[in-house]
Amino acid sequence: QVQLVESGGGLVQAGGSLRLSCATSGLTTFALYAMAWFRQAPGKEREFVSAINWNTDYADSVKGRFTISRDNAKESVFLQMNSLKPEDTAVYYCAADPNLGRLHKAQDEYHYWGQGTQVTVSS
C-alpha cells in the first residue's frame with residue numbers, strides 16, 4: 001500500500017522557519033517519482049507549492065523562501081520553509097507523480113497524496 005506521511009507542521013511566528021518532511025512507502029521505485037508539495041488554506045483551492053525530480057520548480061509566492069529536496073535512499077521529500085508569512089498558513093500535502101520526466105503544477109497529475117500537515121503562521 002502506498003503511503004505518504006507528512007510531518008513537521010506547527011505554529012510559527014511570521015519570519016520563522018519550519019521544515020516539513022514526507023516519508024513514503026510502497027512506491028514501486030521512489031527515485032522514479034516526481035514529488036511535490038501542495039497546500040490548501042481554508043476556503044481556498046489547493047495550490048501548487050513546489051516539485052522536484054532532478055530539477056526543482058516553485059510557485060512564485062514561495063520562490064526564494066522555500067527549498068524542496070529529496071533523499072532517494074530514505075524515500076523522503078522535504079520542504080524547508082524560511083521567512084514564513086501569514087499567507088503561508090495552510091495544510092501542506094505531499095504528493096507523488098509517476099511521471100518523473102515532467103514537473104506538473106496541476107494536482108490531478110499526482111497519483112498519491114498524504115493526509116497533510118497543518119502550518120500556521122501568526123502575524
Side-chain angles (χ1 to χ4, degrees):
Q1 180 116 43
V2 174
Q3 291 192 359
L4 284 66
V5 180
E6 303 94 337
S7 62
L11 175 64
V12 65
Q13 293 184 12
S17 298
L18 285 172
R19 179 177 168 86
L20 304 184
S21 298
C22 173
T24 74
S25 63
L27 296 174
T28 52
T29 304
F30 176 83
L32 297 182
Y33 285 80
M35 303 296 298
W37 290 93
F38 289 77
R39 67 187 183 186
Q40 186 169 24
K44 297 183 179 179
E45 297 180 348
R46 186 174 298 182
E47 66 175 348
F48 172 81
V49 176
S50 184
I52 183 170
N53 48 16
W54 54 88
N55 292 313
T56 59
D57 193 16
Y58 297 92
D60 289 342
S61 59
V62 307
K63 181 72 174 180
R65 299 188 298 120
F66 292 9
T67 303
I68 190 171
S69 61
R70 66 191 294 162
D71 186 331
N72 287 340
K74 296 181 178 179
E75 299 187 334
S76 297
V77 183
F78 308 95
L79 186 68
Q80 179 67 45
M81 305 185 295
N82 298 327
S83 302
L84 283 162
K85 305 175 180 179
E87 305 93 274
D88 296 318
T89 295
V91 177
Y92 283 70
Y93 298 91
C94 179
D97 175 10
N99 188 348
L100 181 67
R102 296 182 180 180
L103 295 178
H104 297 286
K105 293 183 174 68
Q107 61 178 315
D108 59 3
E109 298 286 349
Y110 292 84
H111 290 197
Y112 305 106
W113 294 81
Q115 295 297 308
T117 185
Q118 177 71 48
V119 172
T120 302
V121 184
S122 62
S123 60

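Since we're looking at a predicted model, the values are computed, not measured.
Between H104 and Y110, the angle of the ring planes goes over 60°, which puts this pair in the perpendicular group of the 30/60° scheme.
Within the model, atoms CG of L27 and CD of Q3 stand 10.5 Å from one another, a figure rounded to the nearest 0.5 Å. Taken to the nearest 0.5 Å, the CG atom of L32 stands 10.5 Å off from the CZ atom of F30. Distance CH2/W37 to CZ/F78: 9.0 Å, rounded to 0.5 Å. With rounding to the nearest 0.5 angstrom, the CD atom of E47 is 10.5 Å from the CD atom of Q107.
In this view, R46 satisfies the salt bridge (Lys or Arg N to Asp or Glu O under 4.0 Å) rule with no residue, not counting sequence neighbours.
Within the 4.5 Å cutoff, the side chain of Y33 has no heavy atoms near those of the H111 side chain. Within the 4.5 Å cutoff, the side chain of E109 has no heavy atoms near those of the R102 side chain. Using a 4.5 Å heavy-atom cutoff, the side chains of Y93 and V49 are not in contact. Side-chain contact check for D88 versus M81: every heavy-atom pair is 4.5 Å or farther apart. Using a 4.5 Å heavy-atom threshold, the side chains of T89 and R39 count as separate.
Placement of V119 and F66 within a single hydrophobic cluster is found when ILVMFWY residues are connected by side-chain heavy-atom separations under 4.5 Å, directly or transitively. In the hydrophobic cluster analysis, where Ile, Leu, Val, Met, Phe, Trp and Tyr join through side-chain heavy atoms closer than 4.5 angstrom, L79 is grouped apart from W113.
Exactly one residue among V77, I68, L103 makes a side chain to side chain contact (heavy atoms under 4.5 Å, CB included) with S50. That residue is I68.
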Acceptor/donor pairs from residues 6-26 side chains to any protein atom, 3.5 angstrom cut, sequence neighbours excluded:
from: E6; atom 1: OE1; to: Q115; atom 2: N; distance (Å): 3.1
from: E6; atom 1: OE1; to: G116; atom 2: N; distance (Å): 2.9
from: E6; atom 1: OE2; to: C94; atom 2: N; distance (Å): 2.7
from: E6; atom 1: OE2; to: G116; atom 2: N; distance (Å): 3.3
from: S17; atom 1: OG; to: N82; atom 2: OD1; distance (Å): 2.8
from: T24; atom 1: OG1; to: E75; atom 2: O; distance (Å): 2.7

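Formation of a donor-acceptor pair under 3.5 Å by the N53 side chain with backbone atoms of L100 is found in this model.
More than 12 non-hydrogen atoms from other residues, nucleotides or ligands lie less than 6.0 angstrom from CG of D108.
The two atoms that bring A96 and M35 nearest to each other are CB-SD, 3.6 Å, heavy atoms only.
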